[in-house]
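Everything on this sheet refers to the single structure shown next.
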Amino acid sequence: MSVDITESDAFEIRYTHSMDLQALTVLLDQQRSWFPISTDRQREFFARNWIYMGKAKASLTLLYQGQIVGFVALFLMPYKKTKHLCQGYIVVDEAYRNQGVEARAVKNLDHLAKTGFSLKKLFFKEFDGCYLTPFLQEAGYHLLYKQTDYVEIEPGRYADRGVYEKAFSEEVMA
Amino acid sequence: MSEITFRPTQISDGALLTQWLDEEGVLDGFPMEEASEVKDAVDYWMQFCALGSSITALIGGKVCGVANLYLRGVEKISHHCLFVIVVDKAYRGRGVGKALIKQLEALAKTKFGIKKLFLEIYEGNRAINLYRRLGFKEVGVQKSFLIDQKGQHFNKIVMEKSLK
C-alpha cells in the first residue's frame with residue numbers, strides 16, 4: 001500500500017442516497033467480474049437494489065476529496081429466522097485500491113452490521129481471485145466452503161466461489 | 001399403487017403448496033415462519049410457472065408434490081441452479097420426492113442446459129438422506145443460519161450434484 005487515504009481529512013463516509021446511483025453503476029461496471037452480472041440490465045437491477053438498501057440505512061458511500069471511491073452494503077434478509085445474519089457487499093473504485101479503502105470498507109460494514117442492525121454474523125460470497133478476499137481474511141473472515149466452477153468467467157473457463165463468514169457473537173460462532 | 005405423473009406447475013397449485021407448508025412442523029425445514037413470509041415465497045415460486053421451470057407431480061390425478069428450478073437468467077452462472085421440492089405429507093414415503101427430483105434433473109439438463117444442481121437444506125431435515133441417495137454431495141455448512149422463535153439454531157447445508 002502506497003498511501004492510506006482513509007487517514008486523510010478528505011476521506012469521509014456517509015449513508016448512501018439515491019443520487020449515488022450513477023456512481024454505483026459506474027463502479028459495478030468496472031468490476032463485473034466479481035458480481036453475478038452479465039448484462040447492462042442486470043447491472044441496473046442490481047444497482048437499484050443496492051440503492052434501495054441505502055433507504056434502509058444499510059448502505060454506506062465512501063468518498064475521497066468529494067469523489068465517490070466505494071460503497072458497502074448489507075443486503076438484509078427477508079425472513080425473521082434469518083434476521084441475525086446478512087450478506088455483505090463491497091465495491092471499491094479500481095483507481096483507489098490498495099490505498100486503505102478496502103480495509104476501511106470492511107471495518108465500517110462490520111460496524112454497521114453490529115451497531116445498526118444488531119447482526120450476529122456477516123458473510124460474503126466472493127469469486128476466486130477477487131481483490132477483496134485478502135482484506136476480508138485480514139479482518140477475521142474465514143472461508144466456510146467453496147462451490148467449484150461457480151462462475152463462467154469466459155466460455156469454458158470457470159472460477160470457484162467462496163463463502164466467507166465472521167461471527168460477532170459467540171452464540172453463532174462457526 | 002397409482003403411477004406418478006407430471007405436468008408443468010400451474011399458478012393454481014400455489015394454494016396447495018401454501019396448505020402443505022402450513023402443516024405442523026413443515027416450516028422447520030424452511031426459512032419462512034409467518035403466513036406473510038410463506039405467501040411471498042409461494043408467490044415468488046409461482047412466477048417460475050411462466051418459464052416452465054416448475055413441475056408438479058400427481059398420483060391418481062391428485063397433486064402430491066412440486067419442485068422448482070430457481071433460474072436466475074444471469075448468463076455467467078446459468079450453468080448451475082438452485083432447486084427446491086415440497087411433497088404433500090400424505091404422500092411421503094411413496095417415491096414422489098425421488099421421482100420429482102429425477103424429472104427435475106432431466107428438465108434442467110435438456111430444457112435449460114444446466115450442468116449442476118444445488119440445494120440448501122437445514123440440519124435435521126430427513127430429506128437429506130434422499131438427496132444423498134440420489135448422488136448429491138455436501139459442499140458446505142453455514143452454522144446457525146436459521147434461528148426460530150424458540151431460539152433453536154439450524155445449520156444450513158449446501159449440496160450439489162453434477163448433471164454431466
Side-chain angles (χ1 to χ4, degrees), chain A residues 28 32-46 77-87 118-125 127 141-174, chain B residues 21 27-41 43-44 70-82 113-120 122-123 136-164:
Chain A
L28 286 174
R32 281 189 188 198
S33 325
W34 311 120
F35 288 92
I37 298 168
S38 295
T39 62
D40 289 352
R41 193 157 169 255
Q42 285 159 7
R43 182 202 56 199
E44 287 298 324
F45 182 73
F46 188 70
M77 305 283 271
Y79 302 115
K80 283 194 169 176
K81 281 186 196 174
T82 55
K83 67 180 181 188
H84 60 289
L85 83 171
C86 188
Q87 182 174 351
S118 304
L119 297 182
K120 292 176 179 166
K121 61 161 94 183
L122 188 55
F123 64 92
F124 287 83
K125 295 177 176 177
F127 301 149
Y141 284 82
H142 69 276
L143 178 65
L144 284 185
Y145 61 91
K146 276 195 176 190
Q147 285 182 275
T148 55
D149 296 343
Y150 190 88
V151 59
E152 190 171 21
I153 299 168
E154 54 187 59
R157 198 163 77 85
Y158 297 89
D160 300 346
R161 180 179 79 166
V163 177
Y164 295 83
E165 188 182 86
K166 182 175 174 178
F168 304 127
S169 153
E170 280 187 15
E171 190 195 346
V172 293
M173 222 44 116
Chain B
L21 290 170
L27 285 182
D28 288 348
F30 290 88
M32 302 84 81
E33 191 163 44
E34 299 188 338
S36 61
E37 294 175 341
V38 171
K39 185 185 180 308
D40 287 348
D43 286 351
Y44 181 58
Y70 282 103
L71 302 172
R72 281 165 297 178
V74 178
E75 200 181 319
K76 61 188 182 184
I77 55 171
S78 62
H79 57 289
H80 57 74
C81 189
L82 173 73
I114 290 165
K115 294 173 183 163
K116 196 190 278 186
L117 282 182
F118 70 96
L119 64 94
E120 297 173 348
Y122 298 93
E123 220 161 36
F136 286 85
K137 307 276 183 215
E138 291 174 34
V139 293
V141 176
Q142 203 161 0
K143 290 192 175 174
S144 299
F145 195 86
L146 302 181
I147 302 179
D148 69 11
Q149 280 178 333
K150 296 174 202 154
Q152 286 181 291
H153 292 223
F154 296 87
N155 298 340
K156 181 171 86 174
I157 301 164
V158 178
M159 302 180 86
E160 281 185 356
K161 180 180 179 179
S162 171
L163 300 180
K164 282 174 195 167

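Order of the sequence lines fixes the chain letters, A, B, ..., with proteins taken first and strands second; residue numbering starts at 1 for each chain. Because the structure is a prediction, the values reported are computed rather than measured.
Taken from NZ in A:K120 to OG in B:S144, the straight-line distance is 9.0 Å, to the nearest 0.5 Å. The CD atom of A:E171 sits 5.0 Å away from atom CD1 of B:I147, with the distance rounded to the nearest 0.5 Å. For the atom pair CG (B:L146) and NE2 (A:H84), the distance works out to 7.0 Å, reported to the nearest 0.5 Å.
Shortest non-hydrogen contact noted between B:K76 and A:S38 is N-OG, 3.1 Å. Summarising the geometry of A:D149 relative to B:H80, their closest heavy-atom pair is O-CD2, 4.3 Å, with the distance given to 0.1 Å. For the residue pair B:V139 and A:Y145, the shortest heavy atom distance occurs at O-CB, 3.2 Å. Between B:Q142 and A:L144, the closest heavy-atom pair is CG-CD1, 3.4 Å. When every heavy atom of B:K115 is checked against every heavy atom of A:Y158, the shortest pair comes out as NZ-OH, 3.1 Å. The nearest pair of heavy atoms linking A:Q147 to B:V158 is NE2-CG1, 3.9 Å.
Interface remark: A:P155 contributes no atoms to any contact with chain B (heavy atom separation under 4.5 Å). Heavy atoms closer than 4.5 Å to chain B are found in the backbone of A:I37, but not in its side chain. Looking at B:Q149, neither its backbone nor its side chain comes within 4.5 Å of chain A, counting heavy atoms on both sides. With a threshold of 4.5 angstrom between heavy atoms, A:K83 does not approach chain B through any atom at all. In this structure, no portion of A:E154 lies under 4.5 Å from any heavy atom of chain B. Contacts of B:E75 with chain A are made by both backbone and side-chain atoms, with heavy-atom separations under 4.5 Å. For A:S169, no part sits under 4.5 Å from any heavy atom of chain B, backbone or side chain. When heavy atoms are compared at a cutoff of 4.5 Å, B:F154 does not approach chain A at all. Within the 4.5 angstrom heavy-atom criterion, atoms from both the backbone and the side chain of A:T148 approach chain B. The contact between A:F35 and chain B is made entirely by backbone atoms, counting heavy-atom distances below 4.5 Å.
Other residues, nucleotides and ligands contribute only 12 or fewer heavy atoms inside 6.0 Å of the NZ atom of A:K80. Enclosure of atom CZ in A:F45 is not indicated, since only 12 or fewer non-hydrogen atoms of other residues, nucleotides or ligands lie within 6.0 angstrom.
Contact check for B:E33 versus A:Y79: no side-chain heavy atoms found under the 4.5 Å cut-off. For the pair B:F145 and A:M77, the minimum side-chain heavy-atom distance is below 4.5 Å.
Ranking A:L85, A:V163, A:I153 against chain B, the residue ahead of the rest is A:L85, based on heavy-atom pairs under 4.5 Å. Of the residues considered (B:S36, B:P31, B:G140), B:P31 shows the highest number of contacts with chain A, using heavy-atom pairs under 4.5 Å.
Side-chain contact check for A:K81 and B:Y122: no donor-acceptor pair (N or O, by modelled atom type) lies under 3.5 Å.
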